[in-house]
**Student:** 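Shown below is the structure under consideration.
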There are 2 protein chains.
Amino acid sequence: MGLAERKERDKAELKELILDAAKKILLKNGQEGLSIRKIATTVEYSPATIYLYFKDKDEILHELMEMGFMLMNKYMVQAFGETDPVKRIHSIGNAYVKFGLENKDWYDLMFNSDKPMKHIEKCMEDWDEGMAMFNFLTITCREAIQQLGLKDLEDRILALQLWSCVHGLVNLAQSERLEIVERNQTKELISKTLDSMLVSIFKK
Amino acid sequence: MGLAERKERDKAELKELILDAAKKILLKNGQEGLSIRKIATTVEYSPATIYLYFKDKDEILHELMEMGFMLMNKYMVQAFGETDPVKRIHSIGNAYVKFGLENKDWYDLMFNSDKPMKHIEKCMEDWDEGMAMFNFLTITCREAIQQLGLKDLEDRILALQLWSCVHGLVNLAQSERLEIVERNQTKELISKTLDSMLVSIFKK
DNA sequence: CAAATATACTAAACAGTGTTTAGTATGTCA
DNA sequence: TGACATACTAAACACTGTTTAGTATATTTG
């Protein structure tokens with residue numbers, strides 16, 4: 001029976017089990033289909049028990065967001081290893097878009113949803129993972145500006161320019177606005193646009 | 001009483017009343033706070049009555065989306081009147097961002113939410129208003145490319161490059177990612193980034 | 001005029017949602 | 001053995017979108 005099996009599971013592991021269940025449901029049903037009650041039935045506990053391990057749903061979504069950033073880092077390993085700053089920017093851009101297109105639900109949690117942010121606000125925490133990403137991009141921009149002697153460019157403005165472009169592309173693709181405006185080959189369209197933007201900044 | 005008052009209202013006007021109520025609730029409580037039941041109590045009918053005038057909630061959100069595009073057009077009048085294509089691109093960009101920042105809920109419905117799009121899919125309709133906007137931008141890009149002799153730029157790629165940048169900026173601002181990464185003066189940051197992008201494309 | 005039909009509307013239910021409260025077993029310690 | 005803490009849950013609260021069956025009222029037809 002469920003009771004006997006559950007007792008075997010270490011008490012401290014339940015938090016991890018809940019997050020595992022949440023992750024599974026997120027991947028299978030999306031953020032809309034992720035509910036406390038579904039998590040509860042998956043781990044074979046009552047919904048109220050979930051609240052003994054997490055303050056509220058926002059906290060669970062925040063933890064999932066952090067998992068999403070770990071997954072994104074895997075997409076970035078090549079970029080992290082790139083020494084040439086301009087090449088690194090290319091690598092970051094491609095990895096970012098690739099991650100966004102392949103992991104809609106994770107991406108949404110990390111860069112669109114306000115629920116993980118509400119938890120950050122409530123607990124007076126910071127958006128560490130997102131800031132780390134942006135700082136890495138900003139530093140890379142600074143290096144690229146120095147190397148190419150683009151003295152009239154500001155690192156954080158350039159970083160934001162790059163970020164907003166890839167963020168916009170991913171969101172337009174995910175909200176199905178792109179497919180409707182330009183049917184078929186949206187992936188090719190995205191990579192062309194990304195290239196065009198990088199060319200407009202660094203070449204000419 | 002409610003009954004007497006209601007009878008006076010023309011039957012054909014109820015659909016408009018429902019949309020008016022929906023609009024009010026959207027502006028006051030946001031998309032999260034907009035429910036069929038709240039609309040029903042506002043217009044003093046039962047929730048079931050709403051479904052005699054609209055197929056489902058998605059249809060109501062779709063109609064609100066169309067209202068949003070009408071509002072956006074008001075922000076675009078100056079751009080529509082601009083004859084110089086490069087200046088027109090500047091004008092469109094500024095109007096787009098201004099609209100996005102000032103009308104979060106409308107913007108979300110128009111460019112992020114999948115619910116109005118679900119209705120479009122169900123009814124085999126098109127995203128006419130969005131396509132019209134993108135076509136206008138694409139035509140302007142074509143004119144700018146011709147005028148400046150930028151023969152290695154493709155109009156629809158350039159249009160998408162511009163769109164994704166402003167869309168990204170608006171979304172980053174609205175999801176509070178910008179404020180966390182760069183505290184204070186986010187508005188100035190956005191206008192600087194917008195300028196920087198336009199400079200990188202059209203000057204140098 | 002009376003009966004049949006069509007219109008406009010609603011009460012109640014269904015199946016969900018996040019969250020809280022009060023209470024129940026079980027285990028530990030004095 | 002009694003007191004207390006821990007782990008958990010049933011049930012409720014206040015919501016959500018949507019559907020179904022039924023009720024008045026109005027209109028049309030025989």
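Numbered from 1 within each chain, the chains take letters A, B, ... in sequence-line order. Predicted model only: the values in this text are computed from it and were never measured. The basis for the numbers below is simple: all heavy atoms, side chains too, and nothing from hydrogens, waters or symmetry mates.
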**Student:** Any side-chain N or O of B:Thr49 below 4.0 angstrom from OP1/OP2 of C:dT10?
**Tutor:** yes
**Student:** Using whole Å, report how far NE2 of B:His119 lies from C1' of D:dG17.
**Tutor:** 16 Å
**Student:** Given D:dA7, is OP1 or OP2 found less than 4.0 Å from the side-chain N or O atoms of A:Tyr45?
**Tutor:** no
**Student:** How many whole angstroms separate atom CD of B:Glu32 from atom C1' of D:dC15?
**Tutor:** 13 Å
**Student:** Taking CD from B:Glu44 and P from C:dC9, how many angstroms apart are they, rounded to a whole number?
**Tutor:** 13 Å
**Student:** In terms of relative ring orientation, are B:Phe134 and B:Trp163 parallel, tilted or perpendicular, with 30° and 60° separating the classes?
**Tutor:** tilted
**Student:** For the aromatic rings, using the six-membered ring if either is Trp, is the centroid distance between A:Phe69 and A:Phe111 under 6.0 Å?
**Tutor:** yes
**Student:** Could A:Lys15 and A:Phe54 be counted as a cation-pi pair, given that NZ or CZ must be under 6.0 Å from the ring centre and within 45° of the axis?
**Tutor:** yes
**Student:** Tell me the interatomic distance from A:Asn29, atom CG, to C:dT17, atom P, rounded to whole angstroms.
**Tutor:** 10 Å
**Student:** Within this structure, what is the NZ-to-C1' distance between A:Lys15 and D:dA7, rounded to whole angstrom?
**Tutor:** 16 Å
**Student:** Measure the acute angle between the ring planes of B:Tyr107 and B:Tyr96, then classify it against the limits of 30° and 60° as parallel, tilted or perpendicular.
**Tutor:** perpendicular
**Student:** In whole Å, what is the span from the CD atom of A:Gln31 to the P atom of C:dT17?
**Tutor:** 15 Å
**Student:** Are more than 12 heavy atoms from other residues, nucleotides or ligands located less than 6.0 Å from atom NZ of A:Lys57?
**Tutor:** yes
**Student:** Roughly how far, to the nearest 0.5 Å, is CG of B:Leu172 from NE2 of A:His167?
**Tutor:** 4.0 Å
**Student:** Taking CD1 from B:Ile18 and P from C:dA8, how many angstroms apart are they, rounded to a whole number?
**Tutor:** 13 Å
**Student:** Please tabulate, one pair per line, each protein N/O and nucleotide N/O from nucleotides 18-20 of chain C that are separated by under 3.5 Å, including the distance.
**Tutor:**
from	atom 1	to	atom 2	distance (Å)
C:dG18	OP1	A:Ile36	N	3.0
C:dG18	OP1	A:Lys57	NZ	3.1
C:dG18	OP2	A:Ile36	N	3.1
C:dG18	N7	A:Arg37	NH1	2.3
C:dG18	O6	A:Arg37	NH1	3.0
C:dG18	O6	A:Arg37	NH2	3.4
C:dT19	OP2	A:Tyr51	OH	2.6
C:dT19	OP2	A:Lys57	N	2.9
C:dT19	O5'	A:Tyr51	OH	3.1

**Student:** With no hydrogens and no angle check, just 3.5 Å: does a side-chain donor-acceptor pair link A:Asn171 and B:Asn112?
**Tutor:** no
**Student:** Give the rounded distance in Å between these two atoms: CG of A:Leu52 and P of D:dA5.
**Tutor:** 17 Å
**Student:** Establish, with yes or no, whether the OP1 or OP2 oxygen of D:dC8 is under 4.0 angstrom from a side-chain nitrogen or oxygen of A:Tyr53.
**Tutor:** yes
